[in-house]
Every structure is written in C-alpha cells, then in structure tokens.
There are 2 protein chains.
Amino acid sequence: MSEFDRCTGQGYNCTQGQRKSKSKRGELMNISNIIAQMITEMLEDNDYTDIKRNELALSLGCVPSQINYVITSRFTPEHGYIVESRRGGGGYIRIHRKVPFDGDEITQVIKSIGDTIEEMACRTHIKNLLIREAITANEADLLLNATSENCYRELPVKFRDTLRASILKQLLLTIKKVNLNEMED
Amino acid sequence: MSEFDRCTGQGYNCTQGQRKSKSKRGELMNISNIIAQMITEMLEDNDYTDIKRNELALSLGCVPSQINYVITSRFTPEHGYIVESRRGGGGYIRIHRKVPFDGDEITQVIKSIGDTIEEMACRTHIKNLLIREAITANEADLLLNATSENCYRELPVKFRDTLRASILKQLLLTIKKVNLNEMED
DNA sequence: TTAATATTGACCTTTCCTGACCTATGAGCG
DNA sequence: CGCTCATAGGTCAGGAAAGGTCAATATTAA
C-alpha cells in the first residue's frame, strides 16, 4: 500500500474519543489521517476548499502546525494537489481538488520522478511527452527552459536536481490541470 | 486536553469554492478586500476615480488610514495604477488606471527583475502581466506555480529568491519567444 | 532495534487594523 | 497681505490575526 492510498479511506471513525482506533480498512485513525480525510471530503464536491488553520486545529484539538504536516506530507503535487495560502488577518490555506491520476502519461511521469532528477532525464521525459502529444510544443519549450541547467547556475550542484524535480512536477501538474479545465469547456 | 476532545472535528465549517467557477476566486471579505473591490469596480468604466478618504472610511466603518493601507498595498505602480491626491478642503485621492505602455511589457518586467525576487513581488508581476493581457491565464498559472514557494521548500532560504528570479526570467523569455513565433504564423 | 511517521511547541513572517501625530489647502478675518 | 483655523489627506509604529518553519520528541511499523 502506498503512502498515498492510506489517506483515501471511507468515512473516518472516531466515535468514542479513542485516540487511536482503526477504521474498517485497518488504517490507524490518528489525527493526521482524520485531518486528511476531512480535507478529502471537503474536496469531494468542490474545485477547492479553504481551511482556516487555527480554527481547524482548535476544533480537532491538535496544534496548528500539524495541519501543515498533513498538507506537506499528503497533499503534494505527487498526490495531485495544488496548495496556496495567505497569512495575516483573514488568512487561509486553499487546497485545490486533486487532479485525477488516471494513468495518463503526465501522471506517470510525475509519479516516476523521485525527489531528484538530472537535466538529461528531465529532457527525455519532456520530449517523450511531446512525442506522445501529452503536452504541446509550447509547453515543452517552457518545461525545457524551466528545468534547464542554465537556470540553476547560482545554486550549489547538490541542490539542482532536487529543485528541478520539484519544479518539473509542479509544472506538469499545472499543465494537466489546465488541460482538464479546457476539456470541460 | 482530554483524549475525548480530540475527535470533535465534524462540526468544522469551512468555506468552499463553487464547482467549476472559472471567473472569480472567492476572496475573503475583510475590510481591506472590500475597499479594494470597490475601487476596482469604480475603475471598471473609467480611466480614473476620485475618492474622499474620510467619507469612504466613515461609510465603511474603518479608520481613514486603512484606505491608505489598501492603496499602498494594492494600487501601486507595480499593480498597474497611478495615484495622486490633494489635501485640504476639497481634497481627494485620485486613482488612475495606468495607461498600458506600448513597448514590450514582458521585456520591461524582465528588466525590472533583479537577481532576486520574493514570492509576493513575483505574483504581483505575473498578475499585472495578466491584467495587461501580455500573457494568457494559462501562462500565468504556470508562472505562478513555477515560482511558488512550494517548489523551493527543499532549498536553503538564501537561494530561493535568486532561483525564483532566474526561473521567472527564463520562463518569461520563453513565453515571449513563443508569442513572437505565433505572430509569424 | 531501527526507520518511518506523527505530534508538539517555540519562534518567525505576512497581512490587517488602529490611533496618534504630521502636512497641505483654502476660506475668512484683521 | 499675512495670519489662523477648519478640513482634508499622509505617515508611522504598534498590536492583532492569521499562517509558516524547524527541530526535538514520541509513536508505530518493519
């Protein structure tokens, strides 16, 4: 079972205040899973959901930073989510509906990229996507430039492949989302 | 806190986006946003609009200086606005919608970006380019995501703004090139 | 036991809101 | 004309209201 699969279960089961009960599928219902499920449910019928970090933490009886933990560990681009936020009065965390991961080329590439990727491997992925017409020539051009070693000159070598992977995944997910939106029109 | 208290999350109330709402993101309506929206609406049909600071503040139930706050934080030249004002009897604040310059806007932005740029300044540039129709909504989306702090998490803080600047410039160049190619078709 | 996950709290940054005090303009008066 | 005062808008520092980061610890899974 992948890490991702763990937070897609049915309704959470936290009846009698037992700190760690198990749901039907046997997932440990710790607070992180409960938070993840709440968010997942909120996203069922909406393009995005805004959460108020402090309020949610209060209502769940956890510290606010745990919300961040859940988001950074389970609502990542690899999982198909795009997250934005604002601080200050009236701040929020906005989580966009999961971009469906249905086995298309873009998804496969995103999933296959680990935490790091070299420039060459990156180019290969992009060219493949172009050949298979999963992305347009313009999109390929953007991706190639955004992940080109050129951009990373200022950065110590050891960070380059990490950043490249991160940006590539984020951009691919955005392209996919944009494509889906256009198909709906 | 008792163990029991931990599982009381169901009642949590959040604001949610409309499914398939493409136009406006549901902005949180604090007073600053209301003021900003009022000004924006007043500018929809006019090149400029005059506001009376004290009157407006009174009618909105906020202190006059909050009007200044909104103007200096959201109606800056970077956002595409020019503001003038007069004090004394019959004073006013006049907000102009900036006349689009006819040169190449993308180039101007690239030039204005130094070696580093923060996420917020970056967003402002991108939104401004979008407003001026120098880039498309999809391109803006890509740019926003490629420069989102999310991508740079793994990097030591000191490199983030440098890399962001580098990537933003590179992407803008690519977009510009693509635009030129398309004009030739 | 060891590695991965989860939880917590101290401290930080951004955004919003407020009020005290400052500056400019114009009208009226001596 | 020059002074004064009422009527505007301007500035700034401080506090409040959010969310973010990080590293230490605790718990669970392998």
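Every chain is numbered from 1 and lettered A, B, ... according to where its sequence line falls, protein lines coming before strand lines.
- When rounded to the nearest whole Å, the span between CD of Gln37(A) and P of dA6(C) equals 13 Å.
- Glu154(B) is linked by a side-chain contact (heavy atoms from CB on, under 4.5 Å) to Thr162(A), counting only residues two or more places apart in sequence or in another chain.
- We find that CD of Glu119(B) is positioned 14 Å from C1' of dT15(C), with the value rounded to whole Å.
- Residue Arg153(B) has a polar side-chain atom (N or O) positioned under 4.0 Å from OP1 or OP2 of dT21(D).
- Remark: Gln66(B) is not in phosphate contact with dC16(C), judged by side-chain N or O atoms under 4.0 Å from OP1 or OP2.
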Side-chain donor/acceptor pairs under 3.5 Å, residues 124-133 of chain A, sequence neighbours excluded:
{"residue": "Thr124(A)", "atom": "OG1", "partner": "Met120(A)", "partner atom": "O", "Å": "2.9"}
{"residue": "Asn128(A)", "atom": "ND2", "partner": "Thr124(A)", "partner atom": "O", "Å": "3.4"}

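- Checking Gly61(B) against Glu118(B), the closest nucleotide of DNA chain C that is more toward the 5' end is the one next to Glu118(B).
- Residues passing the side-chain contact (heavy atoms from CB on, under 4.5 Å) test with Arg94(B), sequence neighbours excluded: Tyr48(B), Asp50(B), Glu84(B), Tyr92(B), His96(B).
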Which nucleotides of nucleotides 3-15 of chain D have their base under 4.0 Å from a protein heavy atom (B), which only their sugar-phosphate (S), and which neither (-), written as one string 5' to 3'? ----BBBBB----
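- Summarising the geometry, the separation between CG on Leu56(B) and P on dC17(C) is reported as 13 Å, rounded to the nearest angstrom.
- One atom, CG of Asn30(A), and another, C1' of dA26(D), lie 13 Å apart when rounded to the nearest Å.
- Separating the CG atom of Leu60(A) from the P atom of dT8(C) is a distance of 11 Å, rounded to the nearest angstrom.
- Note: OH (Tyr69(A)) to P (dT28(D)) measures 13 Å, nearest angstrom.
- Minimum atom distance to the side chain of Val63(B) is reached by dG19(C), of the listed dC17(C), dA6(C), dG19(C).
- Residue pairs meeting the ring-ring contact (aromatic ring centres under 6.0 Å, His included) criterion with at least one partner in residues 104-123 of chain A, sequence neighbours excluded, are absent.
- Rounding to whole angstrom units, CD1 of residue Ile67(A) and P of dT21(D) are separated by 15 Å.
- Applying the side-chain contact (heavy atoms from CB on, under 4.5 Å) test between Met38(A) and each of Leu60(A), Thr49(A), Val70(A) identifies Leu60(A) as the sole match.
- When rounded to the nearest whole Å, the span between CZ of Arg94(A) and P of dA18(D) equals 16 Å.
- Thr40(A) places a side-chain N or O within donor-acceptor distance of the main-chain N or O of Ala36(A), the cut-off being under 3.5 Å.
- Not one side-chain nitrogen or oxygen of Ser73(A) sits closer than 4.0 Å to the OP1 or OP2 atom of dT5(C).
- Sorted by first then second residue, the ring-ring contact (aromatic ring centres under 6.0 Å, His included) pairs that include residues 141-163 of chain A, not counting sequence neighbours, are Phe159(A)-Phe159(B).
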